[in-house]
There are 2 protein chains.
Amino acid sequence: MADGRIDPLAPTPPYRQIAEILRLRIESGQYPPDTRIPTESELVETFEVARTTARRAVSVLRDAGLVYTVPQRGTYVTAPAR
Amino acid sequence: MADGRIDPLAPTPPYRQIAEILRLRIESGQYPPDTRIPTESELVETFEVARTTARRAVSVLRDAGLVYTVPQRGTYVTAPAR
DNA sequence: TGATATTTGTACGTATGTATT
DNA sequence: TAATACATACGTACAAATATC
């Protein structure tokens, strides 16, 4: 599940699969620092999950310090410390 | 809202109010280390909130390291480092 | 000025799975 | 065989702030 799709039946729950996919995109530079990652609605459409699940995936990245969320704006990739 | 009840209309959301109440109980010794705090169902009944909200309150304490959850057992007060 | 759309925040209810007691 | 308890997921609704027209 290296990219694009998740497996709803896999032992790893969808929210973690999505978090992992997004994490890979961040670390690969596909989502550069301070750029916005997909909105919750976009994640819902892309991965065909409920918004709750999409939000939870994002919260994993936020807890990990990989992204930061600006209310009413979006979620952005954390710029590395310099 | 020092104890017992929450205000669903207060600017501080219910899940944070509940977390704060539980935190006060822990820090006051009402819930000693390694004892179990109320179950999700008990929190639902006590504070009259949805289970999701009760879970969320507990997750705040868990993230803060104040409690630890044992799946299928319950959530317990973290013993202080010695 | 006003209306609309977008996006996140919060909360509700419900269902199923899994593990323990 | 229940009953208990947490984990995950679904869908839904409304609020608040922002952006856009």
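In what follows, chains carry the letters A, B, and so on, assigned in the order in which the sequence lines appear, proteins first and then strands, with residues in each chain numbered from 1.
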- Relative to the 5' end of DNA chain D, which residue comes earlier, A:Q72 or B:V70, by the nucleotide with the nearest heavy atom? B:V70
- Quick one: on DNA chain D, does B:T39 or A:P13 contact a more 5' nucleotide (nearest heavy atom)? B:T39
Taking [atom1] from [X] and [atom2] from [N], how many angstroms apart are they, rounded to a whole number?
X	N	atom1	atom2	value
B:Y76	C:dT20	OH	P	13 Å
B:F47	C:dC12	CZ	C1'	18 Å
B:R36	C:dT20	CZ	P	16 Å
B:E40	C:dC12	CD	C1'	15 Å
B:E42	D:dA5	CD	C1'	11 Å
A:D7	D:dT8	CG	P	16 Å
A:E45	C:dT7	CD	C1'	13 Å
A:E48	D:dG11	CD	C1'	16 Å

- Item | Nucleotide of D:dC10, D:dC6, C:dT8 approaching A:V49 most closely (side-chain heavy atoms) | D:dC10
- Message: Classify B:S41 by what it touches in the nucleic acid, base, sugar-phosphate, or nothing, heavy-atom distance under 4.0 Å.
- Response: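 B:S41: no heavy atom of the nucleic acid under 4.0 Å.
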- Item | Flag side-chain contact, heavy atom, 4.5 Å: A:V67 against A:L22 |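 Side-chain contact under 4.5 Å: no.
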- B:V58 and B:Y15, any side-chain heavy atoms less than 4.5 Å apart: no
- Task: Under 4.0 Å from any atom of DNA chain C, heavy atoms only: list the residues of residues 50-58 of chain A that qualify, in numerical order.
- Result: A:R51, A:R55
- Return yes if some donor-acceptor pair links the side-chain N/O of B:T78 with the main-chain N/O of B:L66 below 3.5 Å, else return no.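 A pair under 3.5 Å: yes.
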- Query: Short question: side chain of B:S59, backbone of B:R56 - any donor-acceptor pair under 3.5 Å?
  - Reply: yes
- Task: Return no unless some side-chain N or O of A:R73 is found under 4.0 Å from OP1 or OP2 of C:dT6.
- Result: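 For A:R73, the contact criterion (side-chain N or O under 4.0 Å from OP1 or OP2 of C:dT6) is not met.
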- Around atom CD of B:E42, are there more than 12 heavy atoms of other residues, nucleotides or ligands at under 6.0 Å? yes
- Query: How long is the gap from CG on A:L43 to CD1 on A:I37, to the nearest 0.5 Å?
  - Reply: 6.5 Å
- When hydrophobic residues are tied together by side-chain contacts of less than 4.5 Å, even through go-betweens, does A:F47 share a cluster with A:L61? yes
